[in-house]
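Everything below concerns the one structure shown next.
Sequence lines set the chain letters: A, B, ... in the order given, protein chains first and strands last, and positions in each chain run from 1.
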Amino acid sequence: MDFNKTLTLWYSEHKRELPWRRTKNPYNIWLSEIILQQTQIAQGQPYYNAFVSKYPTVFDLANAQETEVLKLWQGLGYYSRARNLHTTAKHIATHHNGIFPNTYKDLLKLKGVGDYTASAIASICYGEPTAVVDGNVYRVLSRYFGIDTPINATDGIKEFKALAESLMDHDHPSDYNQAIMEFGAVQCKPKNPNCQICPLNDSCVALQKNLIDQLPVKLKKTKVSTKYFNFLVLLSTDKQTIFQKRVKKGIWQNLYQFPLLETEKKLKIADFKNHPFISRYFANAPFEFSLYNNKDIIHKLSHQHLHTKFWIIEIDQLPQKGMPITEIKNHPTPILISNFIDDFF
DNA sequence: AAAACGGGGCG
DNA sequence: CGCCCAGTTTT
């Protein structure tokens with residue numbers, strides 16, 4: 001049986017029941033695809049449900065405040081997705097009367113929608129025969145056809161996209177695209193796939209050549225840097241603290257945090273009070289401090305390891321405008337800080 | 001072409 | 001502890 005037919009038959013028998021599989025509404029499909037970028041279904045599904053519940057239509061999302069959208073996104077990571085999601089919702093509501101573009105080409109123009117997502121929406125919602133190539137597709141195709149071109153360089157990206165397009169079932173673009181992705185997620189898994197029960201095991205090149213563990217080929221991983229973060233948790237006598245928006249580009253843009261002192265090395269307790277930033281920040285106002293965590297909390301991002309200390313600082317009057325402690329939980333914040341808040345307050 | 005961008009889960 | 005995840009944008 002050919003590759004194509006085998007996959008769609010497998011899909012009809014094994015596909016999981018997922019909330020976004022009950023609809024072809026482009027708003028819902030778009031929302032699910034953005035949430036699922038670089039995100040496993042188990043992690044993304046609760047967020048999808050929360051977003052659909054709070055923002056049933058693109059107009060509801062467009063009318064929200066960005067900080068409210070980020071709060072609902074909190075913990076999911078890659079927060080530019082949430083900012084772009086909101087930007088695109090406003091654009092669709094304002095300039096397209098709430099109607100999504102209905103072609104791959106026009107979908108691609110939306111902020112936060114790249115080749116994969118445009119292909120997914122175009123095929124699922126409108127039946128356009130444009131092939132998705134996500135991590136699952138790279139894995140399935142590289143193994144089945146025995147292709148060792150690196151998947152994260154220009155050559156491989158073009159080669160796999162062309163191959164995927166050539167395999168497209170023009171009569172069932174939606175099912176075909178979802179079938180190959182689901183097959184990658186459930187059967188042709190990254191680690192320890194059970195090739196004994198694979199419906200393609202009689203024609204899989206990687207299996208025949210014992211290359212399942214070698215494919216797909218991925219080029220050098222990005223190196224991880226270490227940073228030292230010191231968060232200043234101010235507590236005034238009138239129950240206020242300083243909690244401010246990260247406005248600069250970089251990680252956690254537009255999320256909230258306590259004032260951050262980043263140091264080259266670990267900041268010792270004995271050196272805290274005399275650190276130039278601290279002495280200047282408090283301008284000799286009397287304060288008492290203690291360290292919340294004796295050992296650094298190591299928060300791991302894909303490209304940074306953040307060695308973090310939370311300094312608890314009790315002071316009569318804040319050196320700048322503050323926020324009542326009761327209000328900080330209403331603001332979006334990185335999971336690193338959210339975990340601290342939940343434990344400390 | 002390469003780096004930046006989160007957080008969770010798994011072997 | 002390294003790899004992977006229904007990738008996109010910026011540099």
Side-chain angles (χ1 to χ4, degrees), chain A residues 11 15-16 18-21 28-48 70 73-85 87-88 107-121 123-124 131-140 150-158 160-161 164 174 177-186 188-193 213-225 227 246 248-255 298-306 332-339:
Chain A
Y11 182 61
K15 72 173 174 182
R16 295 167 286 184
L18 298 169
W20 48 88
R21 289 206 170 128
N28 295 72
I29 299 300
W30 165 71
L31 182 57
S32 73
E33 295 297 349
I34 302 297
I35 287 173
L36 292 172
Q37 287 169 6
Q38 294 289 281
T39 303
Q40 299 196 167
I41 285 174
Q43 188 188 5
Q45 187 166 347
Y47 286 83
Y48 173 82
L70 284 169
W73 197 274
Q74 180 177 303
L76 197 53
Y78 285 140
Y79 296 93
S80 65
R81 290 183 294 168
R83 298 191 301 268
N84 289 337
L85 184 83
T87 299
T88 292
L107 286 160
L108 205 48
K109 296 173 185 167
L110 302 175
K111 204 84 162 181
V113 175
D115 183 86
Y116 163 78
T117 305
S119 300
I121 300 172
S123 62
I124 294 171
V132 294
V133 184
D134 71 336
N136 294 305
V137 176
Y138 281 120
R139 189 168 53 256
V140 172
I151 62 171
N152 56 344
T154 310
D155 286 358
I157 293 169
K158 288 172 62 179
F160 281 96
K161 177 74 178 181
S174 171
N177 272 341
Q178 294 188 74
I180 190 168
M181 289 192 287
E182 187 82 341
F183 184 79
V186 174
C188 196
K189 298 180 296 183
K191 304 281 184 185
N192 303 325
D213 292 336
Q214 327 286 323
L215 296 173
V217 174
K218 208 168 186 175
L219 256 33
K220 56 179 179 289
K221 50 251 170 206
T222 60
K223 60 175 183 295
V224 177
S225 62
K227 293 188 171 183
R246 290 179 66 99
K248 287 189 303 197
K249 305 189 69 172
I251 60 168
W252 304 331
Q253 187 184 11
N254 292 3
L255 274 63
I298 303 176
H299 186 71
K300 295 180 176 180
L301 311 181
S302 50
H303 54 301
Q304 295 177 23
H305 285 358
L306 309 177
T333 192
I335 207 68
L336 168 66
I337 295 175
S338 168
N339 288 341

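Nucleotides B:dG6 and C:dT10 place their P atoms 13 Å apart, quoted to the nearest Å. Nucleotides B:dC10 and C:dA6, compared at atom P, are 13 Å apart to the nearest Å. Using P as the reference atom, B:dC5 and C:dC1 are 23 Å apart when rounded to the nearest Å.
Across all strands, A:Trp20 comes closer than 4.0 Å to base atoms (heavy-atom distances). Nucleic acid contact class of A:Leu76 (heavy atoms, under 4.0 Å, all strands): base. Here A:Asp115 lies in heavy-atom contact (under 4.0 Å) with sugar-phosphate atoms only. Looking at heavy-atom distances under 4.0 Å, A:Arg83 makes no contact with the nucleic acid at all. Counting non-hydrogen atoms under 4.0 angstrom, A:Ser32 reaches nothing in the nucleic acid. A:Val132 comes within 4.0 angstrom of no nucleic acid atom, judged by non-hydrogen atoms across all strands. Using a 4.0 Å heavy-atom distance criterion, A:Gly44 is classed as making no nucleic acid contact. Among the heavy atoms of the strands lying under 4.0 Å from A:Ser302 is at least one base atom, whether or not backbone atoms are also near.
In this model, the phosphate group of B:dC5 is approached by a side-chain N or O of A:Gln304 to a distance below 4.0 Å at OP1 or OP2. For A:Trp252 and B:dG7, the shortest distance from a side-chain N or O to OP1 or OP2 is below 4.0 Å. An OP1 or OP2 oxygen of C:dT9 is reached within less than 4.0 angstrom by no side-chain nitrogen or oxygen of A:Arg81. Between A:His299 and the phosphate of B:dG7, there is a side-chain N or O to OP1/OP2 separation shorter than 4.0 Å. Side-chain N/O atoms of A:His303 include one lying less than 4.0 angstrom from OP1 or OP2 on B:dC5.
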Output one line per pair: protein atom, nucleotide atom from nucleotides 9-11 of chain B, and distance, for all N/O pairs under 3.5 Å.
residue	atom	partner	partner atom	Å
B:dG11	O3'	A:Asn192	ND2	3.4

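Applying the side chain to side chain contact (heavy atoms under 4.5 Å, CB included) criterion to A:Ile335, with sequence neighbours excluded, gives A:His299, A:Ser338, A:Asn339. For A:Val186, the side chain to side chain contact (heavy atoms under 4.5 Å, CB included) partners at least two apart in sequence or on another chain are A:Trp10, A:Arg16, A:Glu182.
Of the candidates B:dG7, C:dC5, C:dA6, the closest approach to any side-chain atom of A:Glu33 belongs to C:dA6. Looking at the side chain of A:Thr117, the nearest of the listed nucleotides C:dA6, B:dG6, C:dT8 is C:dT8. Comparing B:dA2, C:dC4, C:dT9 by their nearest atom to the side chain of A:Asn84 picks out C:dT9.
Taking 3.5 Å as the limit, the base of B:dG6 and the side chain of A:Tyr78 contain a donor-acceptor pair of atoms between them.
The closest donor-acceptor contact from the side chain of A:Tyr138 to the backbone of A:Val217 lies at 3.5 Å or more, if one exists at all.
Note that the CG atom of A:Asn136 and the CG atom of A:Asn177 stand 12.0 Å from one another [nearest 0.5 Å].
A:Gln45 and A:Pro19 get closest at one heavy-atom pair: NE2-CD, 3.3 Å. A:Lys111 approaches A:Thr88 most closely through the heavy-atom pair O-OG1, 2.8 Å.
Position along DNA chain B of the nearest nucleotide to A:Asn339 versus A:Gly250 favours A:Gly250 as the more 5'-ward residue. Both A:Pro190 and A:Val133 lie near DNA chain C, and the one whose nearest nucleotide falls closer to the 5' end is A:Pro190. Residue A:Gly184 is the one, among A:Lys111 and A:Gly184, whose nearest nucleotide of DNA chain C lies closer to the 5' end (criterion: closest heavy atom).
The interatomic distance linking A:Tyr116 (OH) with C:dT9 (C1') rounds to 18 Å, in whole Å. Atom CG in A:Leu255 sits roughly 13 Å away from atom C1' in B:dC5 (whole-Å rounding). Between A:Lys300 atom NZ and B:dG7 atom C1' the separation is 13 Å, expressed in whole Å.
Residues A:Trp20 and A:Tyr48 bring their aromatic ring centres within 6.0 Å.
Between the side chains of A:Thr117 and A:Gln37, at least one donor N or O lies within less than 3.5 Å of an accepting N or O.
Tested against A:Gln253, the residues A:Arg83, A:Arg246, A:Lys248 include a single side-chain hydrogen bond (donor to acceptor under 3.5 Å, both in side chains) partner, A:Arg83.
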